[in-house]
Peer 1: 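Let me begin by handing over the structure; questions about it come next.
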Amino acid sequence: MLQLTPSHSLHQPLLSPQSLPFSLLQTCKSQREAEQHHAISLKTGTFSHPAIASRFLSLYADPKINNLDYARSVFDQIEEPTLVSWNVLIKCYVGNQRSHDAIVLFYELLHELVPDNFTVPCVIKGCARLNAIGEGKQIHGLVLKIGLGLDKFVQSSLVSLYSKCGEIGLARKVFDQMLDRDLVTWNSLIDGYARCGEVEVAMELFDQMRERDSFSWTVLVDGLSKCGKVEMAREIFDRMPNRNLVSWNAMINGYMKSGDFEMARQLFSRMPTRDIITWNSMIAGYEFNGQFMEALELFQEILEEDIMPSHATLVSALSAVSGLATLSKGRWIHSFMVKHGFELDGVLGTSLIEMYSKCGSIECALAVFRAIDRKKLGHWTAIIVGLGMHGMADQVLELFLEMRKNGMHPHGITFIGVLNACSHAGLVDLGRYYFNLMINDYEIEPTIEHYGCFVDILCRAGCLDEAKNVIESMPMKPNKVIWMSLLSGARNHGNVEVGDYAARHLIDVSPDTVGCYVLLSNLYAAADKWEKVSQVREMMRKRGVKKDPGCSSIEHRGVLHEFIVGEKSHPRTKDIYCKLTEMREKLKSVGHVPDTSQVLLCLEEEKEKEAELENHSERLAIAYGLINLEPGSPIRIIKNLRVCNDCHSVTKLLSSIYDREIIVRDNSRFHHFRNGSCSCKDFW
DNA sequence: CTAGGGTTAG
C-alpha cells in the first residue's frame, strides 16, 4: 500500500537547483510578485522541478506573504508531490497555528508515501501544540513500524510531546532509549518534570547536565514557578548566569499567580526590558486575583506608554471591567478595539459579550452577539449565560434552540447557562428536562456545578425532598454551594427540618460561611424558635464568624464610588443622607412598610432594625445616583451580597417614584427595576 | 525547498 520510493524521481527534468531562480524568489515580498514568478516558472517548465515547487510552497507560507491556503492550492497543482513538498506544507501548517490541518495532511500523506525523519518531528510538534496525545501515540507506533524509532530528532520530538502532555513516564521511556541525547532533549525532559510538579527530579536532571544553555535555566525557573514553588524558582533565577526576558517573565508570572504582588512589582520595575508578555502577566495576574482596579491601572499605563495591547491584554482588561462592572470603561475598550481593528469573532467577542452582560447592559451584549458573523460555540454560550444572569429565561431557551438549529453542540458550560436561567425564572419542569437532555442526548457528565444549578432549581421551586434525593445520590461530595441552596430553599419554604439538615452539612464543609448562620437564624426566627436563634448567634460569636459588610458601587464620570453599609465617609455624605430622608418620606407616602424579617441578630428594637435597613449599601448608592446621574439615564449598581427583601421592594417603588430604570447586580444575578416592578418577578 | 526545546491570554 505504501510506496517506498517516489515513482517519479526518475523523470525529473535535468536541472540543478543552482540554475534556477532561487535568489529571485528569496526577494519576493508580496503575493503578486510571487505569483508573477510562479507564472513564469509554470511557463518555462521549471515548476515541474520538485525543489522549485517546494520553494514556492514555503514562499507562500512565509510570514511576509502568509497565504497558507494559496500554498495549499499550489501544492494541489503539483502533479506528483515529492516527500519534501509534503514536509514543507506540514511544517508550514504547524508554524502557522494550523496544526490540525497539518495532522490531516499527514494522514493523507500516508496514502501516498512513507514519511521520513523530517516529516515526523513536524507532525509530532503539531500534536504537541494541540495536546493531541492520542494522535501522538498512534504516530509513535507508526514511527517504530517504519524504522525511525532511533532517529535522534524523532525521539527528541516525542520526548517533547510527552513532556508537554503530562505523560512524563513515556517521555522518560523514550529518553532512556536514546543513544545520542543532546541539550534540547535534556531540556525537554526537565520541562516535563517541572510541569508535572516533580520538582526534585527536574532539579536532579538539571544538576546532572554537562552543559546548560539559557533554555535549561528558563525551563526550570518557569516550571518551578508554575507549580507553585516560587521561592525555589527564585533561587534558580538568582543563580542564572545570563537572565533573559523570558525568565524574568516566568518569575513575574509565578509571583502574580501566587498572589505575591509585591515581589512581582519589584522585579517588574527592576527588569532591563519588558515586552507585551510582561505586561500581560501583570495584568492577568491582578485580574486572576480579583484585583481589578490594579489590572486596569496597568492597562492604562500600557496605553500611556504607547504599547499596543495584544488580544490577551484586552481579554484580561475586559474581565477586570466585568469584575468592577464599570460600563463606561468597557465601552471605551470596545471602541478602542474597533478603532484598531481587533477581530471580534474569536475569544475577544466572547469577552465583550461577557463584559456587557456583567456590566448590566444585556442590550449591548446582544448587539455584539448579533453582529458577529461566524458565531462560535463560545459566543452562543456567553450570551446564553449572560441572558441567564439577567433572568431572561425565554430568550435563553429561544437562543438555545436557535443554536442547536445552527448545528452547534452545546457543551457543559452552555448547560450551566441554561440551567441557571431555569433556576432564576423558577422553571422547574424545564430544568429537569434540560438536565436530563444534557446527560442523555449530549452525553455530558454533570459536574458539581451542574448539580449545583439543578439542586438550586429544585430548592427554589420548593421541591426540597427531590433536591435532597439528588444531593444524596450524586457521585461527588456536595459542596458549600449545594448546601446553601438547600438551606435557603428550606428558609424560603419554611421547612425547619430540612434547614437543620442542610445547615449541619454546610457547617461541616465550610464552617466560615456567614450566609449559613444568617439563613439558619432567619429560618428559626420565622418559625418563632427564638431559643434556636440565640444558639446560632452564640455559635457565630464563638467561632468568630463575621458578616461581610454589604458594599455597593456605582460609576459616575469614569470613577467608581463605593459605599459600605452605614458608612459616612463619602465626600458627599451630607447630600446622600438628605436624599435618603427624602426617599423615606416618599416611600412612606406610597404606603411602604419596612420588612424587617431579614435583619439579622443583635438589634432588638424595631426602630433600630428599620434604620439598619435604610443604611443598606445599595440605598446609599441609589441616593448617590439620583443626585448625580443625568436624569433619565439608568442607575447601575453592583452589590457584593444578595439583595434583601426590603431593599428589593424599596427599589421597585423607587423606580416608579423617581421614574428611573435601576439595574442592580447582586452576587448571583441582575435585577432590572422599572415602573415599579423587577425583571426577576420577585423570584431570586 | 524540510527536522526536535521556553514565556501571557482563552
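Convention: sequence-line order gives letters A, B, ...; per-chain numbering from 1.
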Peer 1: At under 4.0 Å between heavy atoms, what does A/K376 touch on the DNA or RNA strands: base, sugar-phosphate, or nothing?
Peer 2: nothing
Peer 1: What nucleotide, of B/dG5, B/dT8, B/dA3, holds the atom closest to the side chain of A/N280?
Peer 2: B/dT8
Peer 1: Given atom CD1 of A/I139 and atom C1' of B/dG4, what is their separation to the nearest angstrom?
Peer 2: 14 Å
Peer 1: Anything under 30° is parallel, anything over 60° is perpendicular, the rest tilted; go ahead and classify A/H140 against A/Y162.
Peer 2: tilted
Peer 1: Should the side chain of A/S156 and the base of B/dG4 be counted as holding a donor-acceptor pair, with the cut-off at 3.5 Å?
Peer 2: yes
Peer 1: Starting at atom NZ of A/K125, determine the distance to atom C1' of B/dG6, rounded to an integer number of angstrom.
Peer 2: 12 Å
Peer 1: Examine B/dA9: is either OP1 or OP2 under 4.0 Å from a nitrogen or oxygen in the side chain of A/K257? Give yes or no.
Peer 2: yes
Peer 1: Of the listed nucleotides (B/dT8, B/dG4, B/dG6), which one gets closest to any side-chain atom of A/S281?
Peer 2: B/dT8
Peer 1: When the distance from CD of A/E343 to C1' of B/dG10 is rounded to whole Å, what number comes out?
Peer 2: 17 Å
Peer 1: If you look at every strand shown and take non-hydrogen atoms under 4.0 Å, does A/V84 touch a base, only sugar-phosphate, or nothing?
Peer 2: base
Peer 1: Report the distance from atom NZ of A/K152 to atom P of B/dA3, rounded to the nearest whole Å.
Peer 2: 15 Å
Peer 1: Are the charged groups of A/D182 and A/R210 less than 4.0 angstrom apart, N to O?
Peer 2: no
Peer 1: Mark this stacking check for A/F153 against B/dG4 as yes or no, applying ring centres under 5.5 Å and ring planes under 30°.
Peer 2: no
Peer 1: Hey, what do you get for CE (A/M256) to CD (A/E294), rounding to the nearest 0.5 Å?
Peer 2: 8.5 Å
Peer 1: For A/W217 and B/dG6, give me the distance from atom CH2 to atom C1', rounded to whole Å.
Peer 2: 16 Å
Peer 1: On the side chain of A/D182, is there an atom forming a donor-acceptor pair with the base of B/dG4 - under 3.5 Å, no angle test?
Peer 2: yes
Peer 1: Measure from CE on A/M355 to C1' on B/dG10 and round the result to the nearest Å.
Peer 2: 17 Å
Peer 1: Quick one: CD on A/E198 to CD1 on A/I168, what's the gap to the nearest 0.5 Å?
Peer 2: 7.0 Å
Peer 1: With distance as the sole criterion, do the side chain of A/D213 and the base of B/dG5 form a donor-acceptor contact below 3.5 Å?
Peer 2: yes
Peer 1: Just to be sure I understand the rule, does A/N253 reach a base, reach only the sugar-phosphate, or reach nothing, if contact means heavy atoms closer than 4.0 Å?
Peer 2: sugar-phosphate
Peer 1: Which one of A/D275, A/T218, A/N244 satisfies the side-chain hydrogen bond (donor to acceptor under 3.5 Å, both in side chains) criterion with A/N249?
Peer 2: A/D275
Peer 1: Go through B/dT8, B/dA3, B/dG10 for me and flag the one nearest to the A/A312 side chain.
Peer 2: B/dT8
Peer 1: Output yes when at least one side-chain N/O atom of A/K91 is less than 4.0 Å from OP1 or OP2 of B/dA3, else no.
Peer 2: yes
Peer 1: Which part of the nucleic acid, if any, lies within contact of A/D116, taking any heavy atom under 4.0 Å across all strands shown: a base, the sugar-phosphate backbone alone, or nothing?
Peer 2: nothing
Peer 1: Among the nucleotides B/dA3, B/dT2, B/dT7, which one has an atom lying closest to any side-chain atom of A/D222?
Peer 2: B/dT7
Peer 1: Can A/R72 and A/E108 be counted as an ion pair, charged N to O under 4.0 angstrom?
Peer 2: yes
Peer 1: What's the closest nucleotide to the A/R195 side chain, out of B/dT7, B/dG10, B/dG4?
Peer 2: B/dT7
Peer 1: From NZ of A/K226 over to C1' of B/dG6, roughly how many Å is that when rounded to an integer?
Peer 2: 9 Å
Peer 1: With distance as the sole criterion, do the side chain of A/T185 and the base of B/dG4 form a donor-acceptor contact below 3.5 Å?
Peer 2: yes
Peer 1: Is the ring of A/F215 stacked on the base of B/dG5, with centres less than 5.5 Å apart and planes under 30° off?
Peer 2: yes
Peer 1: Would you indicate what A/A250 reaches in the nucleic acid, counting non-hydrogen atoms under 4.0 angstrom: base, sugar-phosphate, or nothing?
Peer 2: nothing
Peer 1: Could you state the CE-C1' distance from A/M240 to B/dG6, rounded to the nearest angstrom?
Peer 2: 10 Å
